[in-house]
Amino acid sequence: MQGKMVEKKELLAMLSEIYDQLEELENVLESNMAGLRQNWYYEQSEKIEVCGDRLEAIEEEITAISAQKSEADKIESTKRSAGMKLELGF
């Protein structure tokens with residue numbers, strides 16, 4: 001009976017040690033994952049910022065092209081109306 005009690009105590013001690021090691025491992029993994037999450041968040045924020053800058057540049061370019069096209073359309077319209085006046089007057 002004494003042998004079984006000693007084995008039980010040894011087994012409980014080993015299980016307690018395993019439990020402590022698992023808790024320590026969990027803490028280390030949690031701290032590492034927190035660091036990785038922070039790095040990933042920073043990288044994604046930078047990528048989004050770069051995309052935002054590119055999108056803004058494209059929007060400005062489209063606005064400039066639209067303005068140039070509007071000016072060209074106005075000039076073309078003025079030329080057409082002047083041509084029409086000459087034809088009608090002739």
Side-chain angles (χ1 to χ4, degrees):
M1 194 62 143
Q2 281 289 14
K4 286 191 175 196
M5 279 301 240
V6 172
E7 288 178 15
K8 223 180 203 183
K9 287 181 182 180
E10 286 179 11
L11 185 58
L12 286 174
M14 288 176 13
L15 289 174
S16 294
E17 186 179 330
I18 291 171
Y19 180 79
D20 291 341
Q21 289 175 353
L22 287 174
E23 280 187 332
E24 186 178 329
L25 179 62
E26 181 182 17
N27 292 335
V28 169
L29 287 174
E30 181 62 34
S31 66
N32 284 341
M33 292 302 289
L36 290 174
R37 277 192 297 269
Q38 187 175 7
N39 289 342
W40 181 81
Y41 179 79
Y42 179 73
E43 288 173 5
Q44 297 307 312
S45 296
E46 285 182 339
K47 288 178 182 179
I48 289 172
E49 188 176 332
V50 168
C51 289
D53 292 344
R54 287 181 184 172
L55 183 59
E56 188 176 328
I58 289 170
E59 289 173 343
E60 289 174 1
E61 190 174 321
I62 289 173
T63 303
I65 290 171
S66 295
Q68 289 175 353
K69 187 174 181 187
S70 294
E71 287 297 318
D73 288 346
K74 286 179 184 176
I75 292 170
E76 186 66 31
S77 176
T78 305
K79 286 182 182 178
R80 283 186 192 153
S81 62
M84 291 280 277
K85 287 179 185 175
L86 290 176
E87 287 180 19
L88 291 175
F90 182 70

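All residue numbers in this chain count up from 1 along the given sequence. Note that this is a predicted model, so its numbers are computed, not measured.
- In this view, E46 and Y42 satisfy the side chain to side chain donor-acceptor pair (under 3.5 Å) rule, not counting sequence neighbours.
- Cluster partners of L11 are L15, counting Ile, Leu, Val, Met, Phe, Trp and Tyr whose side-chain heavy atoms approach within less than 4.5 Å, directly or via other members.
- Think of L25 as one node in a network of Ile, Leu, Val, Met, Phe, Trp and Tyr side chains linked at under 4.5 Å; its network also takes in L29.
- Listed by chain and residue number, L36, R37 satisfy the side chain to side chain contact (heavy atoms under 4.5 Å, CB included) test with M33 (two or more places apart in sequence, or in another chain).
- Residue pairs that meet the salt bridge (Lys or Arg N to Asp or Glu O under 4.0 Å) test with at least one member in residues 7-17, sequence neighbours left out, do not exist here.
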### Message
Checking D53 against E49 for the side-chain contact (heavy atoms from CB on, under 4.5 Å) test, could you report, in this order, the C-alpha distance in whole Å, the side-chain angles of both residues, the deciding distance, and whether it holds?
### Response
CA-CA 6 Å; D53 292 344; E49 188 176 332; 4.3 Å; yes
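- Looking at residues two or more places apart in sequence or on another chain, you find a side chain to side chain donor-acceptor pair (under 3.5 Å) between Y19 and E23.
- Scanning for side chain to side chain contact (heavy atoms under 4.5 Å, CB included) contacts around I62 gives I58, S66, with sequence neighbours left out.
- A distance of 4.0 Å separates CD in E59 from CG in L55, rounded to the nearest 0.5 Å.
- Partners of Q44 according to the side chain to side chain contact (heavy atoms under 4.5 Å, CB included) rule, which considers only residues two or more places apart in sequence or in another chain, are W40, K47.
- For R54, the side chain to side chain contact (heavy atoms under 4.5 Å, CB included) partners two or more places apart in sequence, or in a different chain, are V50.
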